[in-house]
Amino acid sequence: MNTTSAPQPQTEATTTAGTGFVSLENEVISLRAQVRDFGQLVQHQAAKIDWLTRMMFGAKSERRPVAQDLGAAEQQNFLTMPVTAVATDSDATGPDATQAAAEQQEAGTHAGELSAAQKRNAKKGRGADGKQKAKNGGGRRPVNRSLRPVDLVIVAPAGERIAADGTPLVLLGYETSEREHYIAAELVLQLIKRERWGLPDTREIVYVAPPPATIVPKGKYSDDVIIETMFRKYVMCLPFGRMLSDFRAMGSDLSDSQLSSLAGRFSEFLSPIAAAIRVQVLARAFVHVDETPLPTLDGKRTLWGWVGGNQTFFHIGGRGAKELRQVLGLSPLGAHILDEENEPGETLGWVFTHWMADGYRPYDTIADEAGIIRLCCWVHARRGFVIPAEQGDLVAKNILDRIGELYRIERDTKHIDDTERQRRRQLDASPILDGIHSACTDALLRYDKASTMHKALAYVLNHWAGLTVYTTRGDLPIDNNQAERVLRPIVIGRKNWHFIGSEDATAWAATNFTIFESCRLAKVEPRAWLRLVIARIHTGDTDYADMTPANCTKLCPVRV
C-alpha cells in the first residue's frame with residue numbers, strides 16, 4: 001500500500017554535497033532568521049498587551065491606540081491581525097550575510113524602536129516600567145538624615161558563629177541598611193517631685209522648689225499634652241470627638257469640655273504672639289484677603305484671613321462693607337475714626353497700600369474709601385471659562401490658553417528679582433492681556449446674558465483694572481491663591497466638626513489658626529516652635545515680635 005508522507009518543513013539549511021551533513025554556516029543563518037521572526041512576534045504581542053492595559057486600566061485620555069487613530073472595529077482587528085515577519089535576505093549566504101544578520105539581530109534587541117508606552121514614559125521623565133525616576137539620580141530616595149537614629153542589631157545565632165572546621169568566628173562588623181520606623185505615642189504619668197529643704201534638728205521646712213510654669217497653672221495636663229491636642233485640632237483638622245477616641249485608647253480621661261477649655265487657655269496664652277503676627281502682616285506693602293463662613297450654634301460668623309509675607313492673621317466678625325470699615329477703623333465716609341470699640345470686629349492698624357481679593361463687591365467699596373489699590377484674582381477670573389471649554393466652546397478655550405500663557409510667564413520669572421519680573425510682565429504679559437480684553441469684548445454680545453460664558457466674560461471686563469494692576473510692580477501677586485490656601489484647613493475642619501460651640505470659641509479658633517497657619521507659611525515646625533516660645537514666655541520674656549514664626553525659621557525649620 002502506497003502512503004503519502006507528510007510534507008517536511010522547509011529550511012534555509014542545505015546539505016553539503018556528497019556528505020549528508022548540513023552546512024554549519026547555513027544553519028546559523030537559518031536559526032537567526034527564526035530568532036528575528038520570534039522577536040517580531042514578541043514585539044507585536046507586547047504592543048497588544050500595552051493597548052489592552054490602557055483600555056482597561058488607563059486614564060480616559062489614554063483609552064485609545066497610541067500609534068493609530070482608528071475606529072472601534074479597527075481596534076478589534078488590531079487584536080486579531082496576523083504578525084507579519086520582517087522580510088530578510090534569506091538567500092544571502094556567506095560571511096558577509098552572517099555578520100549582517102548578527103548586527104541586525106543585536107540592533108533589534110538593544111536599540112530597536114521604543115514602544116508607544118516607553119516613548120510616553122520617557123517624555124514624562126519616567127523609567128521604562130512607568131515608575132517615576134527619583135530626583136537623586138535613580139533608585140529609591142535615602143531616608144531623611146535629620147531623623148533620630150535608633151539601632152536595631154540582628155544577632156547571629158550561636159551555631160553560626162563557628163566555621164565548618166570548628167574554628168570560632170570573630171565579629172568583623174555589620175551589614176547596614178536604613179528604613180523609617182515609627183515609635184507609637186505614649187501617655188505617661190509624670191510625677192513632679194519638688195525638693196523640700198529644712199532644718200536638720202526640727203525638720204522645719206525652710207524652702208520648697210516652685211512648681212514648673214505651665215499654660216494652665218496647677219492643671220491636670222502638661223504643656224506637651226495641650227500642644228499635641230491643639231496640633232491635631234488646628235493642623236490635622238480633627239474634631240474633638242475623634243481625637244478623644246485616640247487619647248482614651250492610650251489611657252487618658254480627657255473629655256470634650258476639657259478639650260474646649262484647653263483650646264481657650266491655649267488661645268489666651270498665645271494671644272500676644274497672635275497680635276504681633278497681625279502687626280507684621282498688616283505692615284507689609286500688600287496683603288491677601290479672603291473670608292469664609294464659620295458656623296456656630298447661634299448662626300454663622302465670618303472668618304477673615306489676612307496674609308502678608310510668610311504669615312497670616314485671622315479675624316472673626318461679621319460680613320460685608322460694615323465689617324471691613326470696623327476692621328480698618330474707617331467711618332462710613334472713609335475717614336479714620338478714633339473709637340476702636342466697634343463690634344463684632346476689633347479695629348486693626350494697617351499700613352499696606354495694595355490688597356488682593358476676589359470679586360466680592362465690598363472689597364471694591366472699601367478700597368475706594370480707604371485709598372487702597374485693588375488687585376483681582378486671575379484664578380477666579382479663569383474659573384468661569386473651564387466648564388464651557390470642556391463643553392467645546394472655542395472662545396473659552398482660547399481665553400484659557402491665553403491665561404495659561406500669563407501663568408507661564410509667572411513660572412519663568414519666579415526666581416528673578418522684582419525689577420526684572422516687572423520688566424518681563426510689561427514686555428511679555430501686556431500684549432497677552434490686550435488680547436484677552438479684546439477677545440472678551442468681541443465675544444460678550446454673542447452670548448445670552450443668562451449663560452455661563454456671558455457671566456465669565458462680564459466678570460473679566462468688570463474687574464479688568466484690578467486684574468492688570470499686578471503688571472505695574474514686580475512684587476505683586478497674580479492671584480489670591482495664598483489666601484485660598486490658608487482658609488483650606490478651616491473649610492476642611494468645618495466639614496469635620498460641623499460647627500463651633502460658642503461665640504467665645506470662634507475667637508479662640510481665629511487666634512489658634514493664626515498661630516498654626518503662620519507656622520505653615522513660615523515653614524516652621526509647629527510643635528518645636530511652640531515648645532520654644534512657651535518656654536520663653538514662662539521665663540518672663542515679652543518680646544513677642546521676636547517670637548513670631550517668621551522670626552524663628554532658622555530655629556525650628558520644617559524637616560524636609
Side-chain angles (χ1 to χ4, degrees), residues 144 146-152 180-198 203-274 497 501 505 508-509 511-516 519 524-544 547 549 552 555-559:
N144 188 350
S146 64
L147 297 177
R148 178 174 66 89
V150 176
D151 291 340
L152 174 62
E180 290 187 6
H181 178 61
Y182 176 74
I183 299 176
E186 179 185 11
L187 281 177
V188 297
L189 173 62
Q190 188 179 57
L191 298 175
I192 303 173
K193 297 182 178 181
R194 297 181 288 137
E195 291 184 343
R196 296 183 301 182
W197 291 80
R203 313 296 291 179
E204 179 184 356
I205 298 175
V206 177
Y207 173 81
V208 179
T214 57
I215 295 175
V216 183
K218 299 182 180 180
K220 185 178 179 181
Y221 303 101
S222 70
D223 289 352
D224 283 299
V225 171
I226 299 175
I227 290 172
E228 183 62 25
T229 55
M230 295 303 104
F231 178 87
R232 296 189 183 196
K233 173 72 173 178
Y234 296 102
V235 176
M236 302 176 68
C237 302
L238 290 178
F240 284 154
R242 198 178 304 169
M243 192 190 309
L244 284 175
S245 63
D246 187 23
F247 274 89
R248 286 172 180 167
M250 293 186 286
S252 175
D253 60 353
L254 273 168
S255 65
D256 285 327
S257 60
Q258 288 172 325
L259 283 174
S260 179
S261 176
L262 291 178
R265 301 297 290 269
F266 181 84
S267 170
E268 180 183 358
F269 187 83
L270 294 174
S271 58
I273 297 181
W497 60 66
W508 303 343
T511 298
N512 295 341
F513 275 122
T514 296
I515 296 297
F516 285 104
C519 286
V524 167
E525 206 291 307
R527 293 186 180 100
W529 174 79
L530 283 170
R531 294 187 185 100
L532 174 68
V533 298
I534 289 172
R536 289 180 61 178
I537 295 174
H538 285 331
T539 62
D541 191 347
T542 58
D543 189 2
Y544 301 115
M547 299 183 198
C552 296
L555 298 176
C556 309
V558 173
R559 292 179 176 179

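Position 1 is the first residue of the sequence; numbering continues from there. This structure is a prediction, so every number in the text was calculated from the model and none was measured.
Under a 3.5 Å cut-off, the side chain of Ser271 and the backbone N or O of Glu268 do form a donor-acceptor pair. Checking side-chain atoms of Trp529 against main-chain N and O of Leu555 turns up no donor-acceptor pair under 3.5 Å.
Taking CG of Leu530 as the start and CG of Leu270 as the end, the distance is 6.5 Å to the nearest 0.5 Å. The CG atom of Leu238 lies 5.5 Å from the CE atom of Met243; values are rounded to the nearest 0.5 Å.
The shortest distance between side-chain heavy atoms of Leu254 and Thr229 falls below 4.5 Å. Contact check for Phe516 versus Lys233: no side-chain heavy atoms found under the 4.5 Å cut-off. Put simply, the side chain of Arg527 reaches to within 4.5 Å of the side chain of Glu228, judged on heavy atoms. Contact check for Gln190 versus Val225: no side-chain heavy atoms found under the 4.5 Å cut-off. Proximity of Tyr544 to Ile537: side-chain heavy atoms (C-beta onward) are separated by under 4.5 Å at one or more points. Side-chain atoms of Pro526 and Tyr234, non-hydrogen and from C-beta on, never get closer than 4.5 Å to each other. Side-chain atoms of Pro557 and Val524, non-hydrogen and from C-beta on, never get closer than 4.5 Å to each other.
Across Pro217 and Arg265, no two heavy atoms sit closer than the pair CD-NH2, 3.7 Å. Closest heavy-atom contact between Leu187 and Ser252: CD1-CB, 3.3 Å. Across Thr214 and Lys218, no two heavy atoms sit closer than the pair OG1-N, 4.3 Å. In this structure, Arg536 and Asp543 approach most closely via the heavy-atom pair NH2-O, 4.3 Å. Listed here is the closest heavy atom pair of Ser267 and Thr511: OG-CB, 3.3 Å. Across every non-hydrogen atom of Tyr221 and Ile226, the tightest pair is O-CD1, 4.3 Å.
Ser255 and Gln258 share a side-chain donor-acceptor pair at under 3.5 Å. Counting only N and O atoms by type, the side chains of Thr539 and Asp541 include no donor and acceptor under 3.5 Å apart.
Here salt bridge (Lys or Arg N to Asp or Glu O under 4.0 Å) pairs that include residues 241-254, with residues two or more places apart or in two chains, are Lys220-Asp253, Arg232-Asp246.
Here Asp256 pairs with Phe240, Leu244 under the side-chain contact (heavy atoms from CB on, under 4.5 Å) rule; sequence neighbours left out.
Salt bridge status for Asp223 with Arg531: absent, with no side-chain N to carboxylate O gap under 4.0 Å.
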Intermediate values then yes/no, side chain to side chain contact (heavy atoms under 4.5 Å, CB included), Cys556 and Leu532: CA-CA 9 Å; Cys556 309; Leu532 174 68; 3.9 Å; yes
Could you give me the CA-CA distance, side-chain angles and deciding distance for Phe269 and His538, then say whether side chain to side chain contact (heavy atoms under 4.5 Å, CB included) is met? CA-CA 10 Å; Phe269 187 83; His538 285 331; 3.6 Å; yes
With side chain to side chain contact (heavy atoms under 4.5 Å, CB included) as the criterion, how do Ile534 and Met547 come out once you've worked through the C-alpha distance, each side chain's angles and the decisive distance to 0.1 Å? CA-CA 10 Å; Ile534 289 172; Met547 299 183 198; over 6 Å; no
Ignoring hydrogens and angles, write down the donor-acceptor pairs under 3.5 Å from the side chains of residues 203-212, residues two or more places apart or on other chains.
none

